[in-house]
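Every number for a ligand or one of its atoms is a count from 1 in the order of the listing.
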Amino acid sequence: MKNQNQPGLKSYSPYSKTEENCFIEGDSGLIYSGVRIENISFPLTISAVQAAVCSCLANGDKPVKLFQQKPFSDLSDYWKKLFGLEINRDCPPYGHFFNPIISSPDDIKKALNDLCRKAVTIHSGFPVSALLFTSEGWVAGVNVEVASWSLGLCAERVAISRAFSAGYSTFKELHVYAPKSEFCSPCGACRQVMNECMPGKTVVLHHQNQTLTRHFTEHLLPYGFSSDILKNT
Ligand code: THU
């Protein structure tokens, strides 16, 4: 049984060539898709379960059920235990899928500011929001912290993984805002992921004093390690 609304899941796995996808059902009944998104810096790879769980949490929802046929993602036991997920290995889910595309914001700064309310900051109390302009429209992200500090995702990577998980991989511009930071500055991990997923594209950083700065992804990661290097081997 194939659900008509089911997104076409396709991992970004150029290195391992491993196709990995899943769905998380939230307490609300909404279904969140997740795909594997690899990075040339391998520990920054986002597993399908991590992508789907973080998308769910970033929507104020609680993960309750995991649909995944094969193979199970890295650390999937962690996610199963953390939320007591019910597992379904056989059938794909049927229901309403979370649509990551939001309507075009009239005022990007205001939209970023409003979005911060959705940030899940159980450790840091430091909200961050991101708006990714894709070929299909705008995708929102907020930072999501979970019990294990290293397994949460920054706002930028929630937006990027939501877009991939919905089948969109052409990114035009990424806006970021961190209201508690005088000068908004993405972390090293996000710079690496942006460099991989949107090379040559623009990142717009919105600062506290209402100014913004625009940067090419490669300028945010000078002398970065990129997949081009592998082409010479
Ligand atoms: N954070 C982001 O969301 N994006 C960044 O680029 C920097 C850091 C989040 C991660 C964590 O939830 C909190 O800010 C503090 O590091």
Problem set entry | Partner residues of Tyr168 under the ring pair (Phe, Tyr, Trp, His ring centres under 6.0 Å) criterion, sequence neighbours left out | none

For this session: Could you tell me whether a side-chain N or O of Glu25 sits under 3.5 Å from a main-chain N or O of Pro63, the two making a donor and an acceptor?
Result: no

For this session: Give a yes-or-no answer on whether the side chains of Tyr15 and Asn39 include a donor-acceptor pair shorter than 3.5 Å.
Result: no

For this session: With sequence neighbours left out, write down each residue that passes side chain to side chain donor-acceptor pair (under 3.5 Å) with Asp77, or none if nothing qualifies.
Result: Lys80

For this session: Please determine, by modelled atom types, if His123 and Thr121 share a side-chain donor-acceptor pair under 3.5 angstrom.
Result: no

Problem set entry | By ring pair (Phe, Tyr, Trp, His ring centres under 6.0 Å) - contacts of Tyr177 (at least two apart) | none

Every pair of nitrogen or oxygen atoms between ligand 1 and the protein that is under 3.5 angstrom apart - can you list them with their distances to 0.1 Å?
unit_1: ligand 1; atom_1: 3 (O); unit_2: Ala155; atom_2: N; d: 2.9
unit_1: ligand 1; atom_1: 4 (N); unit_2: Glu156; atom_2: OE1; d: 2.8
unit_1: ligand 1; atom_1: 4 (N); unit_2: Glu156; atom_2: OE2; d: 3.4
unit_1: ligand 1; atom_1: 6 (O); unit_2: Glu156; atom_2: OE1; d: 3.4
unit_1: ligand 1; atom_1: 6 (O); unit_2: Glu156; atom_2: OE2; d: 2.6
unit_1: ligand 1; atom_1: 6 (O); unit_2: Cys187; atom_2: N; d: 2.9
unit_1: ligand 1; atom_1: 12 (O); unit_2: Asn143; atom_2: ND2; d: 2.8
unit_1: ligand 1; atom_1: 12 (O); unit_2: Glu145; atom_2: OE2; d: 2.5

